[in-house]
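What follows is a set of notes on a single structure, which appears directly below.
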Amino acid sequence: MGSTGTVLRELRGAQKTAKGVSLYSRYVNRPAGRVFAAGAYRIGLTPNQVTLTSAVFTFAAIAAVALVRPSVGLAIAVYAGLAIGFALDSADGQLARLTGRGGPDGEWLDHVVDCAKMILVHTAVLISFQRFSGVPGEGWLLLPLGFLFTAVLTFCAGLLREQLGKAAARPGAGSATAVPVSRLRAVALLPADYGVFCLVFLLLGDRTAFRIGYAVLAVVHALFLVAFLAKWFRELKALRTAD
């Protein structure tokens with residue numbers, strides 16, 4: 001087993017493309033995940049065990065949102081749990097590529113955890129609004145439901161776009177010409193990045209600031225959903241006409 005430095009270099013060499021990735025994921029989450037992946041490799045964890053560790057951090061933080069009265073201390077703890085969980089979510093794939101131990105079971109488990117956290121985090125916000133926040137009106141309780149709908153639809157539609165795109169690819173077709181990574185696109189994708197979404201929980205100690213921040217992100221994610229749906233539909237239609 002090589003040194004941690006050697007493992008980190010190998011992980012950097014096996015890194016996924018930066019295309020379609022925001023600056024946060026590229027420069028914060030993936031490097032943090034690389035450190036976690038190296039540590040997991042050193043102690044002999046499997047990629048699936050890293051995925052489950054990610055779930056523990058994420059779901060503990062989400063449970064705290066629903067069950068604990070908001071405070072500055074809670075805000076820091078929740079953000080730390082979500083951010084570590086997200087970094088570990090990157091680490092499991094990096095570890096799988098490093099060790100060659102990835103497979104359909106690991107990909108399935110990773111998607112299950114991702115889907116569960118999307119549903120639960122907005123459900124926890126709804127519960128927190130009801131129990132602790134003293135929202136100005138009951139209409140505010142619809143906000144987490146709308147955000148939940150947007151998040152799940154984006155996740156499912158994106159996953160279907162990926163799978164249907166693979167299925168529609170012509171056998172024997174060569175790889176597409178490499179497209180340079182766009183820094184402008186990486187900046188534009190920041191508001192839709194889960195890591196940026198996690199930052200709003202640092203406002204949890206101030207219920208008004210949290211509601212406003214959460215509402216702004218909900219609107220932004222809804223706008224991104226519309227843009228993504230139009231883009232994915234055009235791409236899939238182009239695959240059909242190309243046959």
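- Linking ILVMFWY residues whenever their side-chain heavy atoms come closer than 4.5 Å, directly or via other members, leaves Val72 and Leu67 in distinct clusters.
- Transitive grouping of hydrophobic side chains (ILVMFWY, heavy atoms separated by less than 4.5 Å) brings Leu82 and Leu74 into a common cluster.
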**Prompt:** Taking it one step at a time, do Gln94 and Tyr41 satisfy side-chain contact (heavy atoms from CB on, under 4.5 Å)?
**Reply:** CA-CA 10 Å; Gln94 296 190 51; Tyr41 179 78; over 6 Å; no

**Request:** For side-chain contact (heavy atoms from CB on, under 4.5 Å), just list the numbers for Leu203 and Val200, CA-CA rounded to whole Å, side-chain angles, deciding distance to a tenth of an Å, and then say yes or no.
**Result:** CA-CA 6 Å; Leu203 302 175; Val200 78; 4.2 Å; yes

**Request:** Just do the side-chain contact (heavy atoms from CB on, under 4.5 Å) check on Asp110 and Glu107 with the steps written out, would you?
**Result:** CA-CA 5 Å; Asp110 187 59; Glu107 187 173 357; 5.7 Å; no

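- Considering all non-hydrogen atoms of both residues, Ser25 and Pro31 come closest at O-CD, 4.1 Å.
- Considering only heavy atoms from C-beta on, Phe147 comes within 4.5 Å of Leu217 through its side chain.
- Between Phe129 and Trp140, the ring planes lie perpendicular to each other; the angle is over 60°, past the 30° to 60° tilted range.
- Atom CZ of residue Arg69 and atom CZ of residue Phe132 lie 5.5 Å apart, to the nearest 0.5 angstrom.
- For the atom pair CG of Leu148 and CG of Leu142, the computed distance is 12.0 Å after rounding to the nearest 0.5 Å.
- Closest heavy-atom contact between Gly165 and Leu239: CA-CD1, 3.8 Å.
- Here the closest non-hydrogen pair linking Phe59 and Ala116 is CZ-CB, 3.8 Å.
- Each of Trp108 and Leu95 belongs to its own hydrophobic cluster when Ile, Leu, Val, Met, Phe, Trp and Tyr are linked at side-chain heavy-atom distances under 4.5 angstrom.
- Using a 4.5 Å heavy-atom cutoff, the side chains of Phe224 and Leu189 are in contact.
- Judged by distance alone, the side chains of Thr53 and Gln49 never bring a donor and an acceptor atom under 3.5 Å apart.
- Ring-plane geometry between Phe201 and Phe210 is classed as tilted, the angle between the planes lying from 30 to 60 degrees on a 0 to 90 degree scale.
- Put simply, CG on Leu225 and CG on Leu153 are 5.0 Å apart, with the number rounded to the nearest 0.5 Å.
- Under the 3.5 Å distance criterion, with hydrogens and angles disregarded, no donor-acceptor pair is assigned to the side chains of Asp92 and Asn48.
- Counting heavy atoms from C-beta outward, Tyr24 and Asn29 have side chains that approach closer than 4.5 Å.
- In this structure, Lys117 forms no cation-pi arrangement with Phe86, as its terminal cationic atom is not both closer than 6.0 Å to the ring centre and no more than 45° off the ring axis.
- Between Arg211 and Val135, the closest side-chain pair of non-hydrogen atoms falls below 4.5 Å.
- Residue Ala40 comes nearest to Val50 through the heavy atom pair CB-CG2, 3.7 Å, listed as atom of the first residue, atom of the second, then distance.
- Using a 4.5 Å heavy-atom threshold, the side chains of Thr154 and His221 count as separate.
- Atom-to-atom distance recorded for Leu52:CG and Leu88:CG is 11.0 Å, nearest 0.5 angstrom.
- Around CD of Gln163, the count of heavy atoms belonging to other residues, nucleotides or ligands within 6.0 Å exceeds 12.
- Linking ILVMFWY side-chain heavy atoms closer than 4.5 Å, directly or via other members, places Leu202 and Ile62 in a single hydrophobic cluster.
- Between Ala151 and Met118, the shortest heavy-atom contact is O-SD, 3.6 Å.
- The side-chain heavy atoms of Leu141 and Leu145, taken from C-beta on, include no pair separated by under 4.5 Å.
- Residues Ala66 and Ile127 share a closest heavy-atom pair of O-CG2, 3.6 Å.
- When side chains are defined from C-beta on, Thr58 does not count as touching Val113, because their heavy atoms never get closer than 4.5 Å.
- Inter-residue side-chain proximity for Lys231 and Arg234 is flagged as met; some heavy-atom pair is nearer than 4.5 Å.
- Under a hydrophobic-cluster definition in which Ile, Leu, Val, Met, Phe, Trp and Tyr are linked whenever side-chain heavy atoms come within less than 4.5 Å, directly or via other members, Leu204 and Leu120 are assigned to the same cluster.
- Within the model, atoms CZ of Arg131 and CG of Leu126 stand 12.0 Å from one another, a figure rounded to the nearest 0.5 Å.
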**Item:** Derivation and outcome, side-chain contact (heavy atoms from CB on, under 4.5 Å), residues Arg161 and Phe233
**Value:** CA-CA 8 Å; Arg161 161 64 185 95; Phe233 182 81; over 6 Å; no

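- Judged purely by distance below 3.5 Å, without hydrogens or angles, the side chains of Ser54 and Asp89 never pair a donor atom with an acceptor atom.
- Here the CG atom belonging to Leu190 is positioned 15.5 Å from the CZ atom belonging to Phe197, to the nearest 0.5 angstrom.
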